[in-house]
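The structure under discussion appears below in the form of structure tokens.
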Amino acid sequence: MSNLATSDLTDIPVFDLRDGDAARHVRQSADRARALRDACLGIFPPPARPLVPVLDRASQRWLERSRSPYMPEIAKIAAALDFSGIWLLNASYQWGCTARAGEEAGRPWLLRTLDWPFAGLGRYAEVAQMRGACGDFYSVTWPGYVGALTAMAPHRFAACVNQAPMRRRTAHRWLRGYDFAVNAVAIWRSDDLMPPDQLLRQVFEACSDYASARRMLETVPVARPVIYSLVGCKAREHCVIERTETDFITREDEVSAANDWVPSRAGWEGRIGMRRFLTSSFAEAADYNQLRRETLKSWDGLMSTSSFDWVREPVLNPYTRLAVAMCPATGVLRVVGYDKTEAARPAKRVTRVREIIPQAAPQAA
């Protein structure tokens, strides 16, 4: 990464949202929020873009029926920005990820990448300093988004969300679209179940330590399957929690994760990118998730450095948008943004490393 021209890279901003006034923040960041919305809409073919307001209203109705504690906040943000797409952003759940919990000098670290086909998620990322009943935390997020996908509470814990494998009712690769649609309808019909990303934010607000965070992530019903990676501040405080809507399996020894159960289970298929959606077999989907997970697991460098040398293929791929390293014991958080390049080529870095250090002003490198 040292070969990149720093003049081509942007800074990831840090915002203080501890007063809870997210609507004020998005009004001040309205240009960034609109640019992000427009970049994300680029994935839709032009004839489909007029459907965004319809999808936005449908997302609002689903969130209203869910156990979302942040409905008033999303409503204020949507009103402040006054353009469609905010409800859709807060109901979306189509990312892939690779994560690994590890230890260095007896301190747990959490490494993660976030993959999503939408452009702009790396370029327009930001770090929000937030506050809950149990103290402050930092969330790697975007203007207008209220959930937590990647966050760290200094001296408490750090955690991230990976999309779970897809529930399959059929076995043919050409029928993935059918299973995807059936799953979406099932989620749409569900009531009183919390979106997994909003549960993670609530955990950072309400939990004082690793043990209480783990219990809450294991037991609160969620609207869709999800994989949580969680680390605390003491040696051996690390786990991967594989969730269905009401059940869980927690792994404490194998603490790397992609977008499949470990081991794989019948009736489920590891997630794959859009370019492989209609071509990869069940076995190829499982192998690709295993390869990403084992590549990150096998990296033997120092997690405490700011080099991000662990972001390498296939962990780095065309859909990679963020890479984050977190150590709650020391309060360090580092994040860097990526964006898409030509088709089938790994994403390129588009931001400088944003580093959060305790008792010091956030630094950009």
Do the ring planes of Phe204 and Phe157 sit parallel (below 30°), tilted (30 to 60°) or perpendicular (above 60°)? tilted
Non-hydrogen side-chain atoms of Met130 and Tyr138 separated by less than 4.5 Å: no
For a quick check under 3.5 Å, do Ser59 and Asp56 share a side-chain donor-acceptor pair by atom type? no
Tell me whether Arg169 at atom CZ has more than 12 heavy atoms from other residues, nucleotides or ligands lying less than 6.0 Å away. yes
Would you confirm whether Gln202, through its side chain, and Pro69, through its main-chain N or O, come within 3.5 Å as a donor-acceptor pair? no
Between Glu254 and Ser256, is the side-chain hydrogen bond (donor to acceptor under 3.5 Å, both in side chains) condition met? List the steps. CA-CA 6 Å; Glu254 175 51 80; Ser256 58; 2.7 Å; yes
What do the steps show when you test Arg156 against Phe137 for side-chain contact (heavy atoms from CB on, under 4.5 Å), and what is the final call? CA-CA 9 Å; Arg156 287 194 285 149; Phe137 62 98; 4.1 Å; yes
Going through the distances and angles, do Glu313 and Arg345 end up as a salt bridge (charged side-chain N to carboxylate O under 4.0 Å, His left out)? CA-CA 10 Å; Glu313 295 184 65; Arg345 290 179 59 85; over 6 Å; no
With the side chain counted from C-beta on, respond yes when Leu121 and Trp142 share a heavy-atom pair under 4.5 Å apart, and no when they do not. yes
One thing to verify: whether Lys234 and Glu103 come together as a salt bridge, which I'm taking to mean a side-chain N less than 4.0 angstrom from a carboxylate O. no
Could you tell me whether the side chain of Arg243 and the main chain of Tyr228 form a donor-acceptor pair under 3.5 Å? no
Lys/Arg N to Asp/Glu carboxylate O, Asp136 vs Arg18, below 4.0 Å: yes
Between Val146 and Gln198, does the side-chain contact (heavy atoms from CB on, under 4.5 Å) criterion hold? Intermediate values first, please. CA-CA 7 Å; Val146 307; Gln198 295 187 19; 4.2 Å; yes
The reported gap from CG in Asp115 to SG in Cys97 (rounded to nearest 0.5 angstrom) is 6.5 Å
Are Val26 and Trp87 in one and the same hydrophobic cluster, where Ile, Leu, Val, Met, Phe, Trp and Tyr link if side-chain heavy atoms are under 4.5 Å apart? yes
Looking at Asp19, I'd like to know if its CG atom is crowded, meaning that more than 12 non-hydrogen atoms belonging to other residues, nucleotides or ligands lie closer than 6.0 Å. yes
Polar side-chain atom of Gln163 near backbone of Val226 as donor-acceptor pair, under 3.5 Å: no
Pro108 and Cys327: which non-hydrogen atoms are nearest, and at how many Å? O-SG, 3.4 Å
side-chain contact (heavy atoms from CB on, under 4.5 Å), that's the test. Do Ile86 and Ile74 meet it? Break it down for me. CA-CA 8 Å; Ile86 300 305; Ile74 303 173; 4.3 Å; yes
If you compare all heavy atoms of Ala33 against all heavy atoms of Leu81, which two are closest, and at what distance to 0.1 Å? CB-CD1, 3.9 Å
Quick one: does Thr351's side chain get under 4.5 Å of Arg123's, heavy atoms only? no
With a 4.0 Å cut-off on N to O distance, would you call Arg201 and Glu73 a salt bridge? yes
Using modelled atom types and a 3.5 Å cut-off, is there a donor and acceptor pairing between side-chain atoms of Ser68 and backbone atoms of Tyr70? yes
Shortest non-hydrogen contact between Ser229 and Ala99, atoms and distance: OG-CB, 3.7 Å
Within the 6.0 Å centroid threshold, strictly below: Phe118 and Tyr319: no
Could you tell me whether the side chains of Glu218 and Thr250 share a donor-acceptor contact shorter than 3.5 Å? yes
Can you see which heavy atom on Ile187 is nearest to which on Trp62, and at what distance? O-NE1, 2.8 Å
Listed partners of Asp247 passing salt bridge (charged side-chain N to carboxylate O under 4.0 Å, His left out), at least two apart: none
Using the rule given for side-chain contact (heavy atoms from CB on, under 4.5 Å), can you reason through Arg131 versus Glu205, listing the C-alpha separation, both sets of side-chain angles and the distance that settles it, and then say yes or no? CA-CA 7 Å; Arg131 175 170 291 167; Glu205 293 173 340; over 6 Å; no
Between CG of Asn183 and CZ of Arg224, what distance do you get to the nearest 0.5 Å? 10.5 Å
With no hydrogens and no angle check, just 3.5 Å: does a side-chain donor-acceptor pair link Asp197 and Tyr145? yes
Treating Ile, Leu, Val, Met, Phe, Trp and Tyr as nodes and any side-chain heavy-atom pair under 4.5 angstrom as an edge, say whether Leu322 and Ile356 lie in one connected cluster. yes
Taking atom types as modelled and ignoring hydrogens, do the side chains of Arg292 and Asn259 form a donor-acceptor contact shorter than 3.5 angstrom? yes
Treat each ILVMFWY residue as a node, draw an edge where side-chain heavy atoms are under 4.5 Å apart, and state whether Val52 and Trp116 are in one component. yes
Is there side-chain contact between Arg32 and Leu36, with at least one heavy-atom pair below 4.5 Å? no
Do you reckon Leu149 sits in the same ILVMFWY cluster as Met216, going by side-chain contacts under 4.5 Å, direct or chained? yes
Please name the pair of heavy atoms, one in Pro195 and one in Leu63, separated by the smallest distance, quoted to 0.1 Å. CG-CD2, 4.0 Å
Has the side chain of Asp260 got a donor or acceptor atom that lies under 3.5 Å from a matching backbone atom of Pro165? no
Got more than 12 heavy atoms from elsewhere within 6.0 Å of CG, Asp300? no
Asn90 (side chain) donor-acceptor with Leu88 (main chain) under 3.5 angstrom: no
Looking only at non-hydrogen atoms, find the nearest pair between Arg100 and Trp299 and report the distance. NH1-O, 2.8 Å
Asp31 CG: over 12 foreign heavy atoms closer than 6.0 Å: no
Answer yes or no: is there a side-chain heavy-atom contact under 4.5 Å between Leu89 and Arg37? no
CZ/Arg27 to NE2/His25 distance, rounded to the nearest 0.5 angstrom? 11.5 Å
One should read off an interatomic distance between Thr98 OG1 and Leu296 CG, to the nearest 0.5 angstrom, of 6.5 Å
With a 4.5 Å limit on heavy-atom distance, are the side chains of Phe277 and Arg173 in contact? no
Flag yes if Leu114 and Ile241 sit in one hydrophobic cluster, no otherwise; membership is Ile, Leu, Val, Met, Phe, Trp, Tyr, and two members link when side-chain heavy atoms are under 4.5 Å apart. yes
Taking 4.0 angstrom as the limit, do Arg107 and Glu237 come out as a salt bridge? no
For the CD atom of Glu126 and the CZ atom of Phe15, what is their distance to the nearest 0.5 Å? 5.0 Å
Report the relative orientation of the aromatic rings in Trp268 and Trp261; use parallel for angles under 30°, tilted for 30 to 60°, perpendicular for over 60°. perpendicular
Judged by modelled atom types alone, do Thr170 and Arg168 share a side-chain donor-acceptor pair under 3.5 Å? yes
Are side-chain N/O atoms of Thr150 and Arg112 paired as donor and acceptor at under 3.5 Å? yes
NZ/NE/NH1/NH2 to OD/OE distance under 4.0 Å, Arg176 and Glu269: yes
From Asp287 CG over to Ser281 OG, what is the distance, rounded to the nearest 0.5 angstrom? 7.5 Å
Are the side chains of Met303 and Leu111 in contact, using a 4.5 Å heavy-atom criterion? yes
Below 4.0 angstrom, N of the basic side chain to O of the carboxylate: do Asp253 and Arg236 qualify? yes
Flag side-chain contact, heavy atom, 4.5 Å: Ile12 against Val127: yes
